[in-house]
K.L.:
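Please read through the structure below; I'll follow up with questions.
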Amino acid sequence: LQQRGRSFLCHTCGCDTSIKMADGPQEEEQFESAESGASKTFPKQCSALRKSDFVCIKGKACKIVEMSTSKTGKHGHAKVHLVAIEVFTGKKYEDICPSTHNMECPVVTRHEYTVVGEDGGFLQLMNDAGDIREDLKMPDSLIEEAEKLLDKEGEAQTDVLQAMGKEQIMGVRVMPGGGGD
């Protein structure tokens with residue numbers, strides 16, 4: 001960064017970056033955290049993003065469904081146009097970012113569980129180790145499907161997607177090797 005008055009010029013792109021400086025004596029900052037220290041996001045250069053990657057747009061975890069890159073303009077930036085679908089709601093988001101800049105990408109994990117029961121919209125889920133959890137509410141759109149599967153098969157399988165501190169059941173299906181027609 002090259003200082004220009006109270007703002008700075010970025011070496012990469014030449015854009016103006018305002019940095020607020022503290023006036024007076026510097027105080028030591030204190031941070032309190034109850035988390036394990038694992039970050040919910042990580043930075044990735046916009047030009048390195050690909051279709052089906054996950055990216056944060058407006059603070060939401062999204063999956064890229066469409067990407068296009070424009071040519072460099074008179075200020076020397078190629079722009080990347082992203083179209084993405086929010087992973088939990090299915091809502092469409094768009095963003096445009098200079099290809100040399102970083103975007104936040106969510107850490108997304110998918111866990112597979114066996115559904116052993118249902119109680120008031122909450123699924124009883126068992127992982128491979130045999131541990132049971134009953135804290136995830138089923139999305140309204142899956143309640144009927146899950147009840148039918150459990151009545152017919154007795155057990156079902158589901159995926160739980162986790163991103164940005166949120167977890168959601170993503171679908172219910174017949175167990176592999178089950179009696180599905």
K.L.:
Working note: L150 + V115, criterion side-chain contact (heavy atoms from CB on, under 4.5 Å); need CA distance, chi angles, decisive distance, verdict.
P.N.:
CA-CA 8 Å; L150 289 172; V115 180; 3.8 Å; yes
K.L.:
Should R133 and E167 be marked as a side-chain contact (heavy atoms from CB on, under 4.5 Å) after you check the CA-CA gap, both sets of side-chain angles, and the distance that decides it?
P.N.:
CA-CA 13 Å; R133 64 182 291 188; E167 282 184 299; 2.8 Å; yes
K.L.:
Distance from M103 atom CE to I57 atom CD1, nearest 0.5 Å?
P.N.:
5.0 Å
K.L.:
Quick one: do R173 and D159 satisfy side-chain contact (heavy atoms from CB on, under 4.5 Å)? Show the steps, please.
P.N.:
CA-CA 9 Å; R173 63 189 178 280; D159 289 322; 3.3 Å; yes
K.L.:
Can you confirm whether more than 12 heavy atoms, excluding those of K92, are under 6.0 Å from its NZ atom?
P.N.:
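Open: at most 12 neighbouring heavy atoms sit under 6.0 Å from NZ of K92.
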K.L.:
Closest heavy-atom contact between A78 and S70?
P.N.:
CB-O, 3.4 Å
K.L.:
Determine whether I143 and L123 fall in the same hydrophobic cluster, where Ile, Leu, Val, Met, Phe, Trp and Tyr are linked whenever their side-chain heavy atoms lie under 4.5 Å apart.
P.N.:
yes
K.L.:
Measure the spacing between CG of L82 and OH of Y93 and express it to the nearest 0.5 Å.
P.N.:
14.5 Å
K.L.:
Heavy-atom distance under 4.5 Å between the side chains of V108 and L161, does that happen here?
P.N.:
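Yes - at least one pair of side-chain heavy atoms lies under 4.5 Å apart.
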K.L.:
Would T109 and Q162 satisfy side chain to side chain donor-acceptor pair (under 3.5 Å), going step by step from the backbone distance to the final call?
P.N.:
CA-CA 5 Å; T109 56; Q162 184 177 27; 3.3 Å; yes
K.L.:
Do the side chains of L49 and I64 get nearer than 4.5 Å, heavy atoms only?
P.N.:
yes
K.L.:
Side chains of L142 and I169: closer than 4.5 Å at any heavy-atom pair?
P.N.:
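With C-beta onward as the side chain, the pair touches.
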K.L.:
Is there a donor-acceptor pair closer than 3.5 Å between any side-chain N or O of Q168 and the backbone N or O of F88?
P.N.:
yes
K.L.:
Would you call K71 and H77 a side-chain contact if the rule is heavy atoms closer than 4.5 Å?
P.N.:
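Contact flag for K71/H77 side chains = no.
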K.L.:
Drop me the distance from K40's NZ to E104's CD, to the nearest 0.5 angstrom.
P.N.:
13.0 Å
K.L.:
Whether the side chain of N127 engages the backbone of G130 through a donor-acceptor N/O pair (distance < 3.5 Å, no angle test) should be reported.
P.N.:
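Such a contact is found between N127 side chain and G130 backbone.
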K.L.:
Measuring from C105:SG to N102:CG, what's the distance to the nearest 0.5 Å?
P.N.:
9.0 Å
K.L.:
For the residue pair C97 and K79, establish whether any side-chain heavy-atom pair is separated by less than 4.5 Å.
P.N.:
no
K.L.:
Taking the side chain as everything from C-beta on, heavy atoms only, tell me whether M67 gets closer than 4.5 Å to V80.
P.N.:
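With C-beta onward as the side chain, the pair touches.
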K.L.:
Looking at T158 and Y113, would you say the former's side chain and the latter's main chain have a donor-acceptor pair under 3.5 Å?
P.N.:
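Between the backbone of Y113 and the side chain of T158 there is no qualifying donor-acceptor contact (under 3.5 Å).
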K.L.:
Side-chain contact test, heavy atoms from C-beta onward, threshold under 4.5 Å: evaluate it for P106 versus F54 and give yes or no.
P.N.:
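Answer yes - side chains close enough.
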K.L.:
For the atom pair OG1 (T89) and NZ (K60), what is the distance rounded to the nearest 0.5 Å?
P.N.:
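One gets 7.0 Å once the value is rounded to the nearest 0.5 Å.
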K.L.:
For residues M175 and A156, report the shortest heavy-atom separation together with the two atoms involved.
P.N.:
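Where M175 meets A156 most closely, the heavy atoms are SD-O, 3.4 Å.
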K.L.:
Donor-acceptor pair, Q45 side chain versus T100 backbone, under 3.5 Å?
P.N.:
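Checking the backbone N and O of T100 against the side chain of Q45, a donor-acceptor pair under 3.5 Å is found.
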K.L.:
Short question: side chain of E118, backbone of G121 - any donor-acceptor pair under 3.5 Å?
P.N.:
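Judged by distance alone, yes, a pair lies under 3.5 Å.
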K.L.:
Mind listing the closest non-hydrogen atom pair of M164 and G59 along with its distance?
P.N.:
CE-O, 3.5 Å
K.L.:
May I have the step-by-step check of side-chain contact (heavy atoms from CB on, under 4.5 Å) for F122 and E134, ending in yes or no?
P.N.:
CA-CA 6 Å; F122 287 85; E134 303 174 291; 5.5 Å; no
K.L.:
Please tell me if the side chains of V174 and K152 come closer than 4.5 Å, counting only heavy atoms from C-beta onward.
P.N.:
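In short, these two side chains do not touch, never coming nearer than 4.5 Å.
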K.L.:
Distance from L136 atom CG to H111 atom NE2, nearest 0.5 Å?
P.N.:
10.5 Å
K.L.:
Would you find more than 12 non-hydrogen atoms of other residues, nucleotides or ligands less than 6.0 Å from E112 atom CD?
P.N.:
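Check passes, neighbour count above 12.
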K.L.:
Just wondering, are more than 12 heavy atoms of other shown residues or ligands nearer than 6.0 Å to CG in D135?
P.N.:
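Correct, the count exceeds 12.
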K.L.:
Between D53 and K44, does any NZ, NE, NH1 or NH2 come within less than 4.0 Å of an OD or OE carboxylate oxygen?
P.N.:
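Result for this pair is yes, salt bridge flagged.
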